[in-house]
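Since the structure comes first, as structure tokens, the remarks are kept for the end.
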Protein chains: 2
Amino acid sequence: MPKQVDHEERRRRIADAVCALIDEQGLEAATLRDVAARAEVSMGAVQRCFRTKEEMLHFAVAHIGRQVTERARARLLAAPAQSPASTVGHLAHELALLQTRYRAQARTWLAFLAAAAVHPALAAGLRTSYAELEALLARLIADATEQSLGPAADHPLWPAPERLDAAREARTLLALADGLTAHVLIGHRTTEEAEQLLHDHLVRLWA
Amino acid sequence: MPKQVDHEERRRRIADAVCALIDEQGLEAATLRDVAARAEVSMGAVQRCFRTKEEMLHFAVAHIGRQVTERARARLLAAPAQSPASTVGHLAHELALLQTRYRAQARTWLAFLAAAAVHPALAAGLRTSYAELEALLARLIADATEQSLGPAADHPLWPAPERLDAAREARTLLALADGLTAHVLIGHRTTEEAEQLLHDHLVRLWA
DNA sequence: CCGGTTCCGATGCGAGCGCATCGGAAAGTG
DNA sequence: CACTTTCCGATGCGCTCGCATCGGAACCGG
């Protein structure tokens with residue numbers, strides 16, 4: 001068995017280069033040559049890792065999706081002490097990729113989002129991430145309402161306290177976060193405004 | 001003065017071709033050659049109408065922006081009889097570009113949105129449209145709350161009925177609509193789900 | 001030490017891109 | 001009708017793209 005540079009490691013390295021280029025100059029800037037240069041590997045190496053450019057982009061989508069979902073999961077496990085409600089808040093803020101240090105991810109994500117509207121193969125990768133994030137949010141919201149309302153207690157005087165539909169709220173929250181992110185990226189909102197709007201939405205949610 | 005084919009007319013024709021191509025195959029498919037073919041003009045004509053490709057795209061952004069905002073304004077003027085609240089609902093639905101016949105506009109819009117995150121010149125055009133739509137929505141929401149709560153009546157028993165911040169709600173609604181549209185386009189939501197979520201959001205807004 | 005296999009980086013190729021250029025058609029003027 | 005001016009469509013150019021190819025380096029068993 002001949003020498004073997006860890007292929008998976010290299011793939012991730014290339015995917016990072018793809019994302020960096022997309023962040024800086026858009027999707028069409030992610031050419032094989034520039035990606036190879038950015039990843040500091042030869043162009044042939046890129047071609048060996050991925051049979052075609054489309055396959056490379058497909059992997060990059062999954063790659064950035066993993067980064068986001070894993071960060072979300074980590075955030076969840078790291079803060080079990082907080083109230084579920086505030087955890088939802090923090091998570092939503094993180095999903096919205098509003099913080100400056102996630103600006104690059106946000107731009108990349110948006111680029112893939114637009115591309116996915118035309119190339120179904122990319123859409124599949126994005127949907128996977130969205131489904132996972134949504135499930136995470138829904139579970140968290142369900143926990144939060146459970147806790148704030150008490151477990152399945154039918155109050156006699158206030159019989160139908162409009163128990164939240166967790167799935168519905170998770171979907172709405174996710175869409176709102178995406179929309180706000182996009183508006184921030186094109187400069188139609190400041191980060192602060194977006195954060196405020198997201199916060200207000202959550203406040204009303206718990207009310 | 002020699003012959004003169006209406007330039008403005010031609011520009012709009014070309015912009016339509018640009019949008020059609022973007023809808024079908026994405027932004028990078030809008031090459032000068034293909035645009036010219038689709039618009040059924042010569043390539044030279046395109047170059048004379050727009051000095052550079054970037055200028056063409058810039059015009060196309062403004063073009064589609066005008067289409068959306070004008071449709072919104074028309075919707076407003078055509079239905080002054082309805083309650084402002086339901087007008088907001090209809091308008092939001094239309095802004096979300098959820099209906100099948102606006103799918104093409106939605107895809108084009110999303111493509112420009114992603115491009116604008118990288119090319120500031122395009123972002124300016126989008127921001128103009130967003131600002132207008134947002135103002136429209138805000139005014140409408142203000143009217144609706146005015147009507148439902150009565151004009152500036154401070155009720156003695158229910159002193160602070162949480163009068164809506166129209167600007168805030170307009171911003172949230174716009175972002176939500178955009179996010180939902182994107183999710184529908186990549187197949188993460190069905191049109192029906194998105195409509196339902198939008199509807200639910202509005203219901204809670206008026207409550 | 002060596003032949004064979006496996007992997008690698010560089011180069012070549014055809015296609016398509018945006019843009020510049022050019023010859024000729026159309027319209028106005030004496 | 002001849003000349004000038006204005007506009008138009010077609011072609012050419014330089015470049016970059018994704019992908020295929022190839023000679024050589026690295027590593028193995030014997």
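Chain letters run A, B, ... following the sequence lines, proteins first, then strands; residues in each count from 1.
The side-chain hydrogen bond (donor to acceptor under 3.5 Å, both in side chains) search around A/Glu24 returns A/Arg38, not counting sequence neighbours.
The ring pair (Phe, Tyr, Trp, His ring centres under 6.0 Å) contacts involving residues 90-127 of chain B comprise B/Trp109-B/Tyr130, where partners must be two or more places apart or lie in separate chains. Under the salt bridge (Lys or Arg N to Asp or Glu O under 4.0 Å) criterion, the residue pairs touching residues 92-102 of chain A are A/Arg71-A/Glu94, A/Arg75-A/Glu94, with sequence neighbours excluded. Residue pairs that meet the ring pair (Phe, Tyr, Trp, His ring centres under 6.0 Å) test with at least one member in residues 12-32 of chain A, sequence neighbours left out, do not exist here. Sequence neighbours left out, the pairs with a member in residues 108-135 of chain B that pass salt bridge (Lys or Arg N to Asp or Glu O under 4.0 Å) are A/Arg189-B/Glu134, B/Arg73-B/Glu132, B/Glu134-B/Arg171.
Atoms CZ (A/Arg10) and P (C/dC7) sit 12 Å apart, rounded to a whole Å. Regarding A/Leu57, its CG atom lies at a distance of 15 Å from the C1' atom of D/dC19, rounded to whole Å.
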For every nucleotide of nucleotides 10-22 of chain C, 5' to 3': is a protein heavy atom under 4.0 Å from its base (B), only from its sugar-phosphate (S), or from neither (-)? S-B----BBBB--

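The side chain of A/Arg48 places an N or O atom within less than 4.0 Å of a non-bridging phosphate oxygen (OP1 or OP2) of C/dC8.
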